[in-house]
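Proteins come first, then strands; the chains are lettered A, B, ... in the order of their sequence lines, and each starts at number 1. The figures here come from the full heavy-atom set of this structure, side chains too, leaving out hydrogens, waters and symmetry mates.
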Amino acid sequence: MTALNRRHFLKAGATLAGGLALGVSLPGRVEEKAPDLSGRVGEPSGPHLAYLVRIEPDGQVVIGAPSSEMGQGVKTSLPMIVADELDVAWDDVRVEQMPLGIKRDSEGNLSWLHVSQGAGGSTSVSEGWQPLREAGATARALLLQAASERWGVSLESLSTERGVVFHADSGRRGRYGDFAAAAAALPLPEAPPALKSADQFRIIGRPQAVVDAAEIVTGQAEFGIDAELPGQVYASIERCPYHDGTITRFDDKAARRVPGVIDVVTVEGPAPGEPFTALAAGIAVVADSTWAALQGRKALTVEWNPGPHAAESTASLRRQMQDAMQQPGQVVLDDGNVDAAFDAAADSLEAEYFVPYASHAPMEPQCCVVDIREDSAVVIAPTQNPSGASRMVNRLTGLDRMAIEVHVTRLGGGFGRRLTVDYVAEATQVSMAVKRPVKLQWTREDDLKHDFYRPCGLHRLRASLAADGQLTGWRHQLASPSKYYRRANVEADKMWTAELYPDDPPRRLLRNVQLQYYSMDSGVPRGSWRAPAHYANAFAVQSFIDELAHRRGEDPLAFQLKLLGEPRDLPYEQHGGPVFNPGRLAAVLKLAAAKADWGERLPAGRGRGIAGHFTFGGYAAYVVDVTVSDGSLRIDRVVGAIDCGLVVNPNHVIAQMESGIHDGISTALRLEITLEAGRVQQDNFHHYPLAGLRDAPREVENYIVDSPHPPSGVGEPPISPLAPALTNAIFAANGRRIRELPIADQLMG
Amino acid sequence: MATFVLNGEAFEFDGADDTPLLWVLRDHAGLKGTKYGCGAGHCGACAVHVDGRARRACITPVGAMAGKQVTTIEGLGGDALHPVQQAWIEEDVAQCGYCQTGQIMNAADWLQRVPNPSDDDIEKYQTNLCRCGTYARVRKAIMRAAELSRDGAVAVVVPDTGEATS
Ligand code: FES
Ligand code: FES
């Protein structure tokens, strides 16, 4: 960062109470080209909209949390980064969730006002790391400057500790709040302030608890479902159960007679084949309470036109995949000569794996509050994507982006579901129709039946081995309905880019590697589900490596370590790059193995499996212990290891490992979305049985590698290796190879 | 029309008796700590105490509450934290936090009858679902809550419920 553009990067000013407020925005991160230059131009107003750091004259320190908190811990970890450089006591900091901040330059380009505010792809910490540190350090520098001027002493003679400025020579001291007003009037320092070295961190790297812990356990924390706007009405929507189906006719007479029902309005679905607005066409019942809206909805009679996908079923999709694989697929990676390697093989192995459609099922069903007014709008939503919400309102209403306020509550889970803003599109339509603030509430049934599901996929892997056991050739064919199928600007021959990451291992670990993709048709909406594609590919690849090891009669860990080889940086061009270091993957495998007593002999019926994977910059591995008896499975113990670079909050890294373990177990055990006659069959938790505490291992241990690398996110890396570690353990226990998820009743009989 | 005692005070609901207690609490009493997760009794996010016992408010018609004592998360600890809440903070259980009030209400009920819980007890009685996967810490927090209750060693901490929840 040069001194020249620092003025664009940071912005200082006064708070309403006359304290110091400091904002940060990243140059060169243009969010999008504004479609329309008319309307109001300016920054969102309000006392705390524009700033990341606020120091009030009364000494209060407020730090903004820019990214959405959905359980991954960023409402704690991002402000920790600011607070450490600012040099305040963490206990003295109050954290506020920041509303969407965007700004428009004179040419009409919109960009982030501060830092990127989407939460997805495990990027919040890695992208925020540098700018948030600079923001904290700059605020501290301004306070020091103000102190040096007031006391007439040199800057060098001053120091800070926990929110207090010290002048050692005179013994003078003053709280940050004493200098906040003066600091607010100072120009920004020309040169970027020096940042702390890692050994100077006092907050970063130390375990901190969830900032909202007390509010959460007392029921005071605000989730999307708790948001309110004065004068709001409540809406519930009956949606078309067929993908891309439409409303033929409906009768709302009975619904309108239900006490409390105010209105019944239609919601337009997405245009077939086009990017989604709402997920489905529907009929919204608007009432004076949630329950009245639900009762009104029950009283609707609707006839649907099932549309183009009415014949689709899980079985038809599976046939489509099997049929497609009779032919060669689209070759998306072709290193060396796989066919020659296969021809020359001393031995070879082929196996197929299947991963089903899955739903995100966050514990908080979709919801939001939207108020569309004549010349402005307010959205309060538990969304991972506040700028997407703003764009959606702009698209549906024509309101200027700067006139759309978006507030983010805590999210009752995200997992990628809340990257899409279909619920905002629905509430926007309803608010436009009824001209009032609308609180939209989905039911659990709505949430399971209408989702952007994790794509299902059929994986066929084939590998050849030389006489000495070396892998010589590797082919991975994947047939799946791509999550990119309905994105703007993604061509048909690029569908694979969402489903296969060519630089994933084993690329460059052996010479001959080929990837083929088959893009399947399906009407099922799909989207990003925690560790998109990695979840499925890790299951296939890590299972297959285990199979190869057993085929060779070798220890699976030793076999994989031999494949990974020496630590070295290999190029990695997909998200999570620019490099993949097999040595770091080997290290987490070895650490988990050592802590889990890998290699120990286990009694009959017990088994131990291992798997590791690189996801979005982070390396994670698990060793899972199971007991299998009479068809029943008990997961006894899981030992995990992660290398996510420098750790901001070790407590939350461990929490995310625990989350990956339990989500991994839950999804592998019983979760699948199936289709019959064009409709999703699951409608509540009895059909989509999340794992309960009784499924959870009694022993869970996680270890963090002390890593000199820059921080990577931890929301996603911990889930990918769990399922294969579990199924590899089952194989070790009873020789049954699970190649299809969920495990469900495959161990019976 | 139903009249009952809600967190120690008389409460009257004049809507239909078959309205689930959950929506009466959330939309009419303004008590939003009780969460909606499934509406069908599967998840436990809506757990409250009725005459001291955990009930799933989404499948509890408000009419059945007539004359009863209903306690929600907001009323669980009175002015202090309940030992279960205290333990939940100490073990830093919450991830997204959405299921946690229900988890706490449920545990606070059965721990009264099982003051020395085993792993088996926890697996048997703590049936609330958590999508984020906080089960490892729920186990620990229940053990810790049992300890705190036995010792009577609960700090009287009044949580800051000010603007910090943004
Ligand atoms: S919301 Fe009541 S049990 Fe799920
Ligand atoms: S903490 Fe998110 S559902 Fe339990």
Side-chain angles (χ1 to χ4, degrees), chain A residues 65 69-73 94-97 209-223 225-226 234 259-260 289-291 361-365 409-415 441 443-444 651 655 658-663 665-666 684-686 690-694 696-698 700, chain B residues 15-16 19-20 23-24 26-28 31-40 42-43 45 72-74 76-77 81 84-86 88-89 92-101 104 119 122-124 126-139 157 159-161 163-166:
Chain A
E69 176 60 66
M70 51 187 160
Q72 85 283 41
R94 202 177 86 206
V95 174
E96 281 184 4
Q97 190 71 44
V210 174
V211 290
D212 289 340
E215 289 77 15
I216 289 169
V217 304
T218 53
Q220 306 297 316
E222 190 188 55
F223 293 86
I225 196 173
D226 307 322
Y234 298 78
S289 72
T290 313
W291 185 244
M363 195 50 76
E364 175 185 43
T409 60
R410 284 189 75 88
L411 283 59
F415 312 105
Q441 183 62 51
T443 63
R444 173 58 53 198
N651 181 32
E658 291 167 2
S659 174
I661 289 167
H662 291 104
D663 193 0
I665 288 171
S666 189
N684 208 318
F685 288 133
H686 58 311
L690 302 181
L693 193 145
R694 73 164 66 85
R698 289 187 182 178
V700 175
Chain B
T19 310
W23 296 112
V24 175
R26 293 188 53 83
D27 289 355
H28 300 276
L31 295 172
K32 298 188 168 183
T34 306
K35 297 299 191 234
Y36 166 74
C38 69
H42 302 304
C43 75
T72 67
I73 189 74
E74 290 87 350
L76 179 66
L81 288 176
V84 176
Q85 290 170 314
Q86 175 76 34
W88 244 249
I89 291 177
D92 205 34
V93 176
Q95 286 182 30
C96 84
Y98 193 80
C99 72
Q100 300 299 344
T101 50
I104 289 166
D119 280 329
I122 295 175
E123 286 163 17
K124 181 168 168 198
Q126 195 66 12
T127 55
N128 300 51
L129 297 178
C130 173
R131 174 67 179 84
C132 296
T134 58
Y135 297 130
R137 295 188 190 199
V138 169
R139 285 180 193 275
V157 181
D160 170 15
T161 53
E163 292 165 77
T165 52
S166 64

Between [X] and [Y], is any side-chain donor less than 3.5 angstrom from a side-chain acceptor?
{"X": "A/S289", "Y": "B/D27", "result": "no"}
{"X": "A/S659", "Y": "B/Q95", "result": "yes"}
{"X": "A/T218", "Y": "A/Q220", "result": "no"}

Tell me, out of [options], who's got the most heavy-atom pairs with chain A below 4.5 Å.
{"options": "B/T19, B/V24, B/D92", "value": "B/D92"}
{"options": "B/E123, B/R131, B/R137", "value": "B/R131"}
{"options": "B/I89, B/D119, B/V84", "value": "B/D119"}
{"options": "B/L129, B/T34, B/T101, B/I122", "value": "B/L129"}
{"options": "B/G97, B/C43, B/C38", "value": "B/C38"}

Is the shortest distance from a Lys or Arg side-chain nitrogen in B/E74 or B/K32 to a carboxylate oxygen in the other one below 4.0 Å? no
Heavy-atom pairs under 4.5 Å with chain B, option from [options] with the top count:
{"options": "A/I661, A/V211, A/D663", "result": "A/D663"}
{"options": "A/P365, A/P362, A/G413, A/P259", "result": "A/P365"}
{"options": "A/I665, A/V700, A/N651", "result": "A/N651"}

Can you list everything that forms a ring-ring contact (aromatic ring centres under 6.0 Å, His included) with A/F223? Sequence neighbours excluded, please. B/Y98
Which residues pass the ring-ring contact (aromatic ring centres under 6.0 Å, His included) test with A/Y234, not counting sequence neighbours? none
Which portion of [X] sits near chain A, non-hydrogen atoms under 4.5 angstrom:
{"X": "B/L76", "result": "neither"}
{"X": "B/Q100", "result": "side chain"}
{"X": "B/T127", "result": "side chain"}
{"X": "B/L31", "result": "neither"}

Do [X] and [Y] make a side-chain contact, defined as non-hydrogen atoms from C-beta onward lying under 4.5 Å apart?
{"X": "A/V217", "Y": "B/Q86", "result": "no"}
{"X": "A/E364", "Y": "B/K35", "result": "no"}
{"X": "A/I216", "Y": "A/R410", "result": "yes"}

Drop me the distance from B/R26's CZ to B/Y36's OH, to the nearest 0.5 angstrom. 11.0 Å
Can you tell which part of [X] gets under 4.5 Å to a heavy atom of chain B, answering side chain, backbone, both or neither?
{"X": "A/S666", "result": "neither"}
{"X": "A/L411", "result": "backbone"}
{"X": "A/P697", "result": "backbone"}

